[in-house]
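Before any comments, here is the structure.
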Amino acid sequence: MHGNIYIYNTLSLSKELFKPINKDRVLMYVCGITAYDLSHIGHARAYITFDVIYRYLTKLGYKVIYVRNFTDIDDKIIKKANEENSSVEKISSKYIGEYQKDMNALNVLTPSYEPKATETINEMISLTSGLIEKGNAYESNGDVFFRVNSFEGYGKLSHKNIGELIAGSRIPVNEEKENFLDFALWKKSKENEPSWDSPWGKGRPGWHIECSAMSMKFLGESIDIHGGGSDLIFPHHENEIAQSESYTGKKFVNYWIHNGFVNINSEKMSKSLKNFVTVRDALDKFHPEVLRLFFMFTHYRSFIDFSFEGVESARQSLIRLYQAVNLYGEFKLLINKNGITVKDGNPLAAGSVGALAAENIENYKNDFYNSMNDDFNTAKAISVIFDLVRKTNKIINDSMAQNVIILKDLAFLDDAASFIKESLSGIFGLLNEDPGRFIELNLMNLKAANVKADGGVSIGEEEIKKLIDERNLFRKNKEYASADEIRKTLLEKGIILEDTGFGTTYKITGTK
RNA sequence: GGCGGCAUAGCCAAGCGGUAAGGCAGAGGUCUGCAAAACCUCUAUACCUCGGUUCAAUUCCGAGUGCCGCCUCCA
């Protein structure tokens with residue numbers, strides 16, 4: 001364990017010391033998707049946010065039981081099924097599948113449980129019955145509504161005043177309801193809609209009741225963390241509290257965590273504005289780790305503007321991280337080949353090899369964990385990693401220049417490398433690719449982006465290699481004019497040459 | 001109208017009482033025949049405005065301005 005965690009709780013609008021109900025275990029529930037369409041990057045941000053929280057708490061040693069549900073019965077799904085002449089079951093299972101593909105691609109870990117609403121109907125019915133018995137709900141012509149006035153704490157999460165809500169309402173009054181704020185726990189089903197038998201006739205569950213039912217079924221009556229997008233605060237989460245606490249008489253959730261929204265070019269992302277970006281589209285243009293890093297550069301509660309420039313910036317940053325890992329790998333290889341002398345002893349003169357030997361990896365670790373403990377401040381935690389990267393790059397460069405490294409620096413380097421790996425990979429879900437391959441692919445993309453990816457290349461690998469050999473012969477003989485001529489010829493065919501310490505490599509950029 | 005949030009360098013973004021993290025871009029340098037890549041170094045003297053509290057405010061309080069979200073399905 002690394003210190004105390006403080007979490008911003010929507011209930012109190014402030015950061016609170018995190019104390020799980022059971023000190024070794026965390027019960028966490030996150031509202032999942034309604035399966036009727038492809039997921040967009042807003043979903044990606046939400047689930048990456050909670051993925052990092054899940055990974056981090058697990059890393060700290062907590063046994064985290066994480067539930068993330070699927071809403072597979074709902075008005076929108078029914079509408080979509082009708083439009084496509086399909087069935088609710090087919091539509092929901094299709095989009096659940098698509099969602100899982102997206103989450104896997106984004107390296108979002110699978111929660112402990114992923115229940116579907118339709119698998120929890122019995123629990124919802126008994127919850128609803130119980131609420132009627134207690135006087136917190138009433139049946140009205142086949143529908144069952146929650147009586148908002150029966151729950152004293154209504155509004156405590158969204159910090160709303162019920163009286164003002166009524167005053168400001170423009171919603172047409174539903175005649176079946178006693179009060180316009182009352183919300184449906186059970187809906188009488190219409191013709192050709194999926195339905196289940198209930199004490200109130202055939203019907204289907206309302207939306208809010210499912211999360212209470214699933215949360216209680218898998219995690220119990222009181223849990224530690226409940227999360228979701230900030231748009232769910234009202235009315236969804238407010239309603240969950242009302243029905244759950246009325247039913248159990250216990251506090252439903254101790255810490256409410258809500259992530260901020262994703263905007264597109266400073267505008268709210270919405271279907272009516274047609275500025276939706278699906279996860280699919282984003283992954284088409286960017287590596288999943290780039291997207292993860294992009295989100296983690298901003299605190300999870302802030303809104304984030306999704307722009308090409310922003311993600312591009314994150315991509316360059318990720319390359320820098322991979323370059324550092326790569327540099328370290330090459331350096332270790334050099335040491336193994338005895339290209340660098342490892343010597344014991346004290347740091348040499350200030351400013352040269354060993355001047356950094358006093359660095360202690362623990363300082364960086366503490367900074368990192370303190371940042372994460374402060375309401376999961378990934379942006380700050382990442383800055384610590386970048387500091388470390390600069391430090392290790394410098395040590396390696398200095399050592400390579402003098403072909404010598406002292407033991408203390410080497411030890412620091414090894415510790416730093418494993419810490420970078422464990423934090424970025426384990427907690428942030430990054431750096432899971434082979435560094436060399438990642439760098440090559442991404443630098444290639446960078447160039448290709450300026451030319452058009454489909455540029456025709458009218459030259460084979462054999463010929464390229466032959467020309468490279470010819471050119472290197474010219475270079476060896478210092479006949480640079482001829483050497484440059486070959487480079488130019490290849491460039492015209494869409495091939496860029498790069499002379500590295502390991503020989504000449506080439507990249508295909510296309511010619512258009 | 002009610003509730004909540006945000007305003008920090010060219011761009012993005014942390015910090016939130018003791019004098020400005022990090023990333024991208026940019027500029028120098030190292031390396032290289034040249035180039036590319038990489039690495040290093042540098043890059044904020046009114047932190048939206050005006051008041052107030054304080055020895056000290058970007059950081060707290062008040063007012064203002066400008067954005068944004070929720071109040072209706074929504075991650």
Side-chain angles (χ1 to χ4, degrees), chain A residues 10 13 30-34 36-37 39-50 71 74-76 79 155 158-161 163-165 167-171 207 227-236 238 258-263 266-271 293-294 297-299 301-305 307 309-321 323-324 326-327 330 367 371 374 377-387 389-390 392-394 396-398 400-401 439-440 443 446-447 474-476 478-481 483-484 487 491 496-501 505 507:
Chain A
T10 307
L13 300 180
V30 171
C31 289
I33 54 154
T34 297
Y36 75 106
D37 206 348
S39 298
H40 56 251
I41 52 174
H43 295 110
R45 169 112 96 173
Y47 300 118
I48 286 172
T49 293
F50 290 102
T71 298
D74 156 277
D75 289 346
K76 289 192 292 294
K79 187 169 170 248
S158 54
H159 305 280
K160 289 180 189 306
N161 179 313
E164 281 162 357
L165 279 180
S169 168
R170 282 168 293 150
I171 295 123
W207 175 40
S230 50
D231 53 330
L232 296 181
I233 296 171
F234 189 90
H236 186 53
E238 194 70 62
H258 295 96
N259 65 275
F261 258 54
V262 177
N263 292 168
S266 305
E267 282 185 307
K268 183 187 172 182
M269 191 168 76
S270 78
K271 291 206 165 170
L293 218 214
F294 170 72
F297 264 131
T298 303
H299 186 90
R301 275 191 287 118
S302 307
F303 79 84
I304 191 168
D305 196 42
S307 65
E309 292 73 19
V311 186
E312 178 57 27
S313 166
R315 192 165 73 89
Q316 296 299 346
S317 305
L318 221 215
I319 292 174
R320 179 169 164 82
L321 258 15
Q323 295 276 19
N326 198 229
L327 218 207
E330 286 180 5
D367 285 351
S371 303
D374 183 12
N377 194 333
T378 52
K380 195 174 178 189
I382 284 172
S383 78
V384 175
I385 299 298
F386 276 101
D387 279 339
V389 160
R390 181 178 307 108
T392 59
N393 279 341
K394 187 160 172 52
I396 292 173
N397 276 196
D398 287 354
M400 278 177 138
I439 292 163
E440 192 174 334
L443 291 178
L446 183 62
K447 300 243 169 56
F474 283 132
R475 289 175 68 212
K476 203 173 169 187
K478 297 195 192 298
E479 295 173 46
Y480 297 120
D484 288 346
R487 191 213 289 278
L491 183 63
I496 283 182
L497 296 185
E498 286 182 9
D499 301 320
T500 72
T505 62
K507 285 168 185 164

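Residue numbers start from 1 in every chain, and the chains themselves are labelled A, B, ... in the order their sequence lines are given, proteins ahead of strands. Bear in mind the structure is a predicted one, so any value in this text is a computation, not a measurement.
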Just jot down the side-chain hydrogen bond (donor to acceptor under 3.5 Å, both in side chains) partners of A:D231, sequence neighbours excluded, or say none. none
Please identify each residue that fulfils salt bridge (charged side-chain N to carboxylate O under 4.0 Å, His left out) with A:D75, with sequence neighbours left out. A:K187, A:R204
Between A:K380 (NZ) and B:A21 (P), how many Å, whole number? 11 Å
Scan nucleotides 9-13 of chain B against the protein and return all N/O pairs shorter than 3.5 Å with their distances rounded to 0.1 Å.
none

Taking any heavy-atom pair under 4.0 Å as a contact, classify A:G155: base, sugar-phosphate, or nothing. nothing
Look for any protein N or O under 3.5 Å of an N or O in nucleotides 2-4 of chain B and output each such pair with its distance, or none.
residue	atom	partner	partner atom	Å
B:G2	O2'	A:E164	OE1	2.6
B:G2	N2	A:K160	NZ	3.1
B:C3	O2'	A:H159	O	3.2

In the structure I gave you, are the side-chain heavy atoms of A:K380 and A:D374 within less than 4.5 Å of one another anywhere? no
Measure from the side-chain N and O atoms of A:S313 to the backbone N and O of A:E309, and report whether any donor-acceptor pair falls under 3.5 Å. no
Distance in angstrom units between A:N393 CG and B:C31 P, rounded: 18 Å
Is A:R45 reaching over with its side chain to a backbone N or O of A:G229, donor-acceptor style, under 3.5 angstrom? no
A:Q323 vs A:L327 side-chain heavy atoms within contact, under 4.5 Å: no
The ring-ring contact (aromatic ring centres under 6.0 Å, His included) partners of A:H299 (sequence neighbours excluded) come to none
Rounded to the Å, how far apart are A:Q316 CD and B:A37 P? 10 Å
Whole-Å distance separating the CZ atom of A:F386 from the P atom of B:C39: 11 Å
How does RNA chain B look in dot-bracket notation if pairs are Watson-Crick or G-U with both distances under 3.5 Å, crossing ones as [ ], other-strand ones as |? (((((((..(((.....[...))).(((((.......))))).....(((((..]....))))))))))))....
Contact class for A:V262 vs. all strands (heavy atom < 4.0 Å): base, sugar-phosphate, or nothing? base
